[in-house]
Amino acid sequence: MHEPVTPPDPAALADLPIFPLPNCVLLPGGLLPLHVFEPRYRELTRDCLAGNHLMGVARLRPGYETTYYGRPPVYERFGVGRIICSEELPDGRFALLLSGVARVELARELPADRAYRRVEARMLCDHCGNRGEANDTHRRLIALCDRLAEVLDKGGPQLRDLVRSFDEPGMCADAIAAALVMDADARQELLEAIDPMVRLQRTLGHVSHMLCELAPCAETVN
């Protein structure tokens, strides 16, 4: 079963190191393997491992290439990951595995007194307008993931387990989207949505599309 998502201590967000990456969006409940080789991010990794194991993964905005080694703009809303596995290689590089634990919003960037970037961030909490509707959509998502699991070549049992690992509808949508939605723009939209219904509906649509591709249907599945 999937490990529960434990949100970070809000105090940790007052001075949060960030790892800016192109087209990389870490959703709560998702996993992200990282290969760390730049000196500034090796320093970031060492500091994280010596501290609370938390880092922000901020997606770089388009056009970052010309100022990549400086402070190019990032999307203001990004994911926070906790290092759950790490290996330092003989040449000083790191292999990391992050677990997404929160969605946050950048409040301000902190002074550049280290090789890597640090920010003050604010936690983004869910705001659900209709709890009953969210629960109904959550049940539909579980049923649709079960149908998708039946036609997958591999990973079906894991998908069935994953969709049942979260009691909160919004967290379930995050975890399923993290596993199945690969498009960076779609993932960014899901990350920025604080209404669980938005995430549930979009994830439901994505699962429905996948199911129709694998088992052709005449109309959208629901």
**Request:** Just jot down the side-chain contact (heavy atoms from CB on, under 4.5 Å) partners of Pro22, sequence neighbours excluded, or say none.
**Result:** Leu60, Tyr64
**Pairing residues for Asp91 by the side-chain contact (heavy atoms from CB on, under 4.5 Å) criterion, not counting sequence neighbours** =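 Scan of Asp91 (side-chain contact (heavy atoms from CB on, under 4.5 Å), adjacent residues dropped) gives Leu89, Arg93.
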To the nearest 0.5 Å, what is the distance between [atom1] ([X]) and [atom2] ([Y])?
{"X": "Cys48", "Y": "Leu16", "atom1": "SG", "atom2": "CG", "answer": "8.0 Å"}
{"X": "Arg82", "Y": "Leu96", "atom1": "CZ", "atom2": "CG", "answer": "14.5 Å"}
{"X": "Leu159", "Y": "Asp146", "atom1": "CG", "atom2": "CG", "answer": "7.5 Å"}

To check you understand the geometry: which heavy-atom pair defines the closest contact between [X] and [Y], and what is its length?
{"X": "Leu141", "Y": "Cys172", "result": "CD2-SG, 4.2 Å"}
{"X": "Gly170", "Y": "Asp126", "result": "CA-OD2, 4.2 Å"}
{"X": "Leu49", "Y": "Ser86", "result": "CD2-OG, 3.7 Å"}

**Asked** Checking Arg164 side chain against Arg160 main chain: does a donor-acceptor pair fall under 3.5 Å?
**Response** yes
**Asked** Looking at side-chain heavy atoms only, is the closest gap between Leu98 and Phe19 below 4.5 Å?
**Response** no
Go through the structure and list residues passing salt bridge (Lys or Arg N to Asp or Glu O under 4.0 Å) with [X], not counting sequence neighbours.
{"X": "Arg139", "result": "Asp136"}
{"X": "Arg117", "result": "Glu109"}
{"X": "Asp195", "result": "none"}

**Message:** Regarding Tyr116 and Arg114, do their side chains bring together a donor and an acceptor under 3.5 Å, going by distance alone?
**Reply:**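 Side chains of Tyr116 and Arg114: pair found under 3.5 Å.
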**Message:** Give me each pair satisfying salt bridge (charged side-chain N to carboxylate O under 4.0 Å, His left out) with a member in residues 13-38, each pair once, sequence neighbours excluded.
**Reply:** Asp15-Arg118, Glu38-Arg40
**Asked** Which salt bridge (charged side-chain N to carboxylate O under 4.0 Å, His left out) pairs, counting each pair once, include a residue from residues 45-57, with sequence neighbours left out?
**Response** Arg46-Glu88
**side-chain hydrogen bond (donor to acceptor under 3.5 Å, both in side chains) partners for Glu120, two or more places apart** = Arg108
**Message:** Once side-chain hydrogen bond (donor to acceptor under 3.5 Å, both in side chains) is applied, do any residues pair with Arg103, and if so which ones, sequence neighbours excluded?
**Reply:** Asp174
**Asked** Got a sec, which residues hit ring-ring contact (aromatic ring centres under 6.0 Å, His included) with Phe37, two or more places apart in sequence or on another chain?
**Response**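 With neighbours one apart ignored, the set is His35.
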**Shared-cluster residues of Ile194, by chain and number - hydrophobic side chains joined below 4.5 Å** =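 Members besides Ile194, by chain and number: Leu124.
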**Message:** Strictly by side-chain hydrogen bond (donor to acceptor under 3.5 Å, both in side chains), give each pair with a member in residues 179-191 just once, sequence neighbours left out.
**Reply:**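 Pairs touching residues 179-191 that pass the test: Arg59-Asp185, Gln188-Glu192.
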